[in-house]
Amino acid sequence: MNHSTTDIIEVAIPLPLDTTFHYRVPEGLMPRIAPGKRVLVPFGRRKVTGYILGFATGEERELREVADVLDDAPLFTPRELEIYRWAAAYYLHPLGEVIKAALPAGINVQSRRGTSTDGDAMTGGRRVLTETVYHPATPPPAVEVPRGKASSILSHIQQEGKATAAELRGIFADCAPQLRRLRELGLVVTEEREVYRDPFREESVTPDAPLPLNPGQTEARDRIVAAIDTGRFAPFLLHGVTGSGKTEVYLQTIAHLLDAGRTALVLVPEIALTPQLVNRFRRRFRCGIAVLHSGLSDGERYDEWRRIRRGEVAIVIGARSAIFAPLERIGMIVVDEEHESSYKQSEGFRYNARDLALVRGKMEKASVVLGSATPQVTTWHAAVTGKLTLLSLPERVNGLPVPHAEIIDARGKKADAILPLLADATAANLANGGQTLVFLNRRGFATWLTCEECGHVLRCPNCAVTLTYHQRKNRHVCHYCDYAIPAPSVCPDCGSTRVTHLGLGTEQVEELVRERFPEARVDRMDRDTTRGRGGHARILRKVAERKTDILIGTQMVAKGHDFPGITLVGIVSVESTLNIPDYRSAERTYQLMTQLMGRAGRGEDAGRVIIQTLNPDHYALIHAGTASMEEFYTTELAFRQETGYPPFVHLGAIYLTGTAASAVEQESRRLAGQIRTLRREAGGHVEILGPSPAPLLKLRGRYRWQFLLKAPVRSALHRLLARLRRTYTPPSGIRILIDVDPVDLM
DNA sequence: AGCACGCCGACT
DNA sequence: GTCGGCGTGCTC
C-alpha cells in the first residue's frame, strides 16, 4: 500500500501554453482526485477546466487551490495519456489542447473571471439523458385502483413487469396524469435510467454470414490474424484494387480478434461513407458498435464516447478524431483508404490520424492495417522497403479485369469540351443502354486560358496555379493570392492569337451534354448539387435506379460509392489536378484516375475508360491507364529521389498569418533570420525551400507567408521546429503555425 | 486564449 | 481633466 502521494497535482490546461501547471488539493477534494479527471482551477483572474495528469512533488512556489473536481470517473487512462503526450510532443502542440481535441466536443466548462459557476459547470458538460421506467409496486398497496385509463395502464405495467414512459406513450398516448396518480397511490414505482442517443438504434438489420474468400483475401486474412495472435505490433499495407474485397478481409479479421477478447478501431475518411460500412458491420457482428464522426450532434457523440469508455462496444468506426477513441484492448486498427487527405487535420491541432494509427498501434501492441487501392507514395515505399508488410489483393471479387484507358491527345484540337471519340463512345453506350460517367474536376463555369499553338497555360506568377477566367470582369484571377490581369488576346508566351478558354466547369459540360444528347437523362453531382442533407443520396439513388443515363461529376464521384451500371467513364479534363504546383500532383492524379477507372464496368462488362488530356505523355496518366501500378510507384519514387522530396527527405512547414499584408511580409524577414540562426545551430542539415509556392497567399481574408523546410533526417528538422516554437514569439496581430507534417502544401 | 496593466488621443 | 485605443506580459 502506498500512501505517499502528495496533495499537489499536475494539470494541463487547454490553452495555447506550452507548460503544465501545479495546484494544491484541499483536503476535502483529495478523495475525488485521480489522473484523467477534469478539475476546475483558478487561472489568473478566471477559472478554467484542466486535466489532471498526475501527482507532483517538491514545488517551491505558493500554489493555488483546486476549486472543484468535475468528474466522478477518469476520462482517460494512463495509456491514453501516453498517446496524448506523444502527439503533443510530435506535433508541437500544447498538451491541454491535444487532450481537449481527443475528448468529445463540448464537455469543457470555463467561467469568466470571478468565482460563481453555475450548476451545469459543476456537473460538467453535456447532459446525460435519462428516461423514466415504471415498475409495479410489490407488494401492491391496499388502495383502490382507479378506474378507466389508469387501470388499463396499470395492468399493462403489471403484465410487462416494467415499461418506459416512451412505450406507454406509444400505447396510451397522453398518460402523464394517470401515471402521476398511480405513483402517488403507490401502485407503481419509478426508476431513472440513463439512455444513449444512438444514431442507428432505430434501424434494424438482417444478419449476414462471412463471404467466401478468394486466395488473395485468404492469405491477407491469415497473415493479419497470425500477427494479432502474436500480441505484437504489426503494420500492414493492404493493397487492393476497387472491388477486391478489402472490407471482407477487415470483417473476418475482426471476427477473429473479437473471439480473442480484443477490440477493433476502424478509421474511414468520409462521413458519407460511414452508413454503408456501419451497416455492413452491424449485419455481421452482434457486439456493440460505436460510430464517431463530425456529422453527429455533440450529444450523440458524447453518448457514443461514453459507451466506448464503459467498455460496452468492441468495434469503433469513425473519422480521424476516432483515433483517440477510449477503446481498450485494441487488437487492430484499420485505416481504410489510407491515402485520403481527410486523415490530416489542417486546423488548430494539426495531426494526421493515419500516422497516429501506427503510433497507437505500437503502444497497444496491435496490428495496423492501412488499406488502399492507391496508397500514398510514401506508404508504398515503406512497404517495398519492408517497414510495412505488403498484402495484395490483385483480383476483383467479381473476376472482371480492370479496364485499360484510352488516352486522347487534346492538344491543338478544337477547343471542344468533348472530343469526337468520347462523344461517339457516349452515343454508343447510350444506344446500348449503358450508363456513362463524365468526370471533370472543376465546378461552375470557371475556365482558364491556354494557347492552342504552344500549349502555354496562363498562370499566376506568384502561385503558379492556373488563373481562373471571370467572365463578368473579363479578367483572369488567381484564387490563391488575388493576382489579376485583363484577359489577353494573344499568347503571352508565343504571341499566337490562337488563345482559347479550356477547362470548362461541370455546369457548362452539363449544358453541352444535354444539347448533344437531348434524349439522355442527364444529372450532375458536385458540391453545388449535393448541398444540404440527402443531396448525395438523392443523386446516387437515381443512378442506382437507372434513372440517369449520363452523370457529370467532380472529385466526389470518384470516392467510395458503387455505380454498378456504369459502363463508360469519360474523363474530360485532368489538367487542374495535374497543374497544381505540389510535389504530390502526379500522385494525386494517378490516384484520381485509378479510382475513376474502378468506377467503370462493375456490371456485366468490363467497361471502357477514355481520358482526354493536354498531357497525354504524362506517366501518371499512362500508368493509371494501363493499370501498371508498380511502374507508377517506381517512376514516381525515382523522381522524388532525384528532386529531393518525400520519402527521401522530410518536410515541415511554418506559416505566418495576419490581416495586414505588409506586417506579415515584414515579420517574415525577421522569422527567416531566426530560422537561419537555428539552422546553423542544428548543424545545417535543414534546407529552407523558402516561401513556396507563393511568397504571400491570401486565404479567407488573412495573409499567409509560408516557409517550407526540408531535411534528410526527421529528427534534425523536428529539433529545429521545436526550438522555433520555444524561442520565437510573433508580434501582436501575427500568428505562427507550425506543421510538422504538412500534407497540403498549397 | 483571456484579462490586466500601461501609456497616448478625443470627449463629458 | 477622464474614457478608451490596443501593445505586451502573465497565468501554478
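Predicted model, so just to flag it, every value in this text is computed and none were measured. Numbers restart at 1 for each chain; the letters A, B, ... are given by sequence-line order, proteins then strands.
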Check every strand shown and say whether [X] touches a base, only sugar-phosphate, or nothing at a heavy-atom separation below 4.0 Å.
| X | answer |
| --- | --- |
| A:Tyr23 | sugar-phosphate |
| A:Ile13 | nothing |
| A:Pro42 | sugar-phosphate |

Euclidean distance, atom [atom1] of residue [X] to atom [atom2] of [N] [Å, nearest integer]:
| X | N | atom1 | atom2 | answer |
| --- | --- | --- | --- | --- |
| A:Leu53 | C:dC12 | CG | P | 16 Å |
| A:Leu17 | B:dC3 | CG | C1' | 13 Å |
| A:Arg61 | C:dC10 | CZ | P | 12 Å |

Any idea which of C:dT8, B:dG2, C:dC12 is nearest the A:Leu63 side chain? C:dC12
Selection from B:dG2, B:dA4, C:dT8 that lies nearest to any side-chain heavy atom of A:Leu15: B:dG2
Is A:Arg64 close enough to C:dC12 that one of its side-chain N or O atoms is under 4.0 Å from OP1 or OP2 there? yes
Please tell me if A:Arg46 has a side-chain N or O lying less than 4.0 Å from either OP1 or OP2 of B:dG2. yes
Partners of A:Tyr351 by ring pair (Phe, Tyr, Trp, His ring centres under 6.0 Å), sequence neighbours excluded? A:Phe324, A:Phe349
Set of residues satisfying ring pair (Phe, Tyr, Trp, His ring centres under 6.0 Å) with respect to A:Phe233, sequence neighbours excluded: none
Under a 4.5 Å cut-off applied to non-hydrogen side-chain atoms, are A:Val39 and A:Thr49 in contact? no
Please confirm whether A:Phe43 and A:Phe21 have ring centers closer than 6.0 angstrom. yes
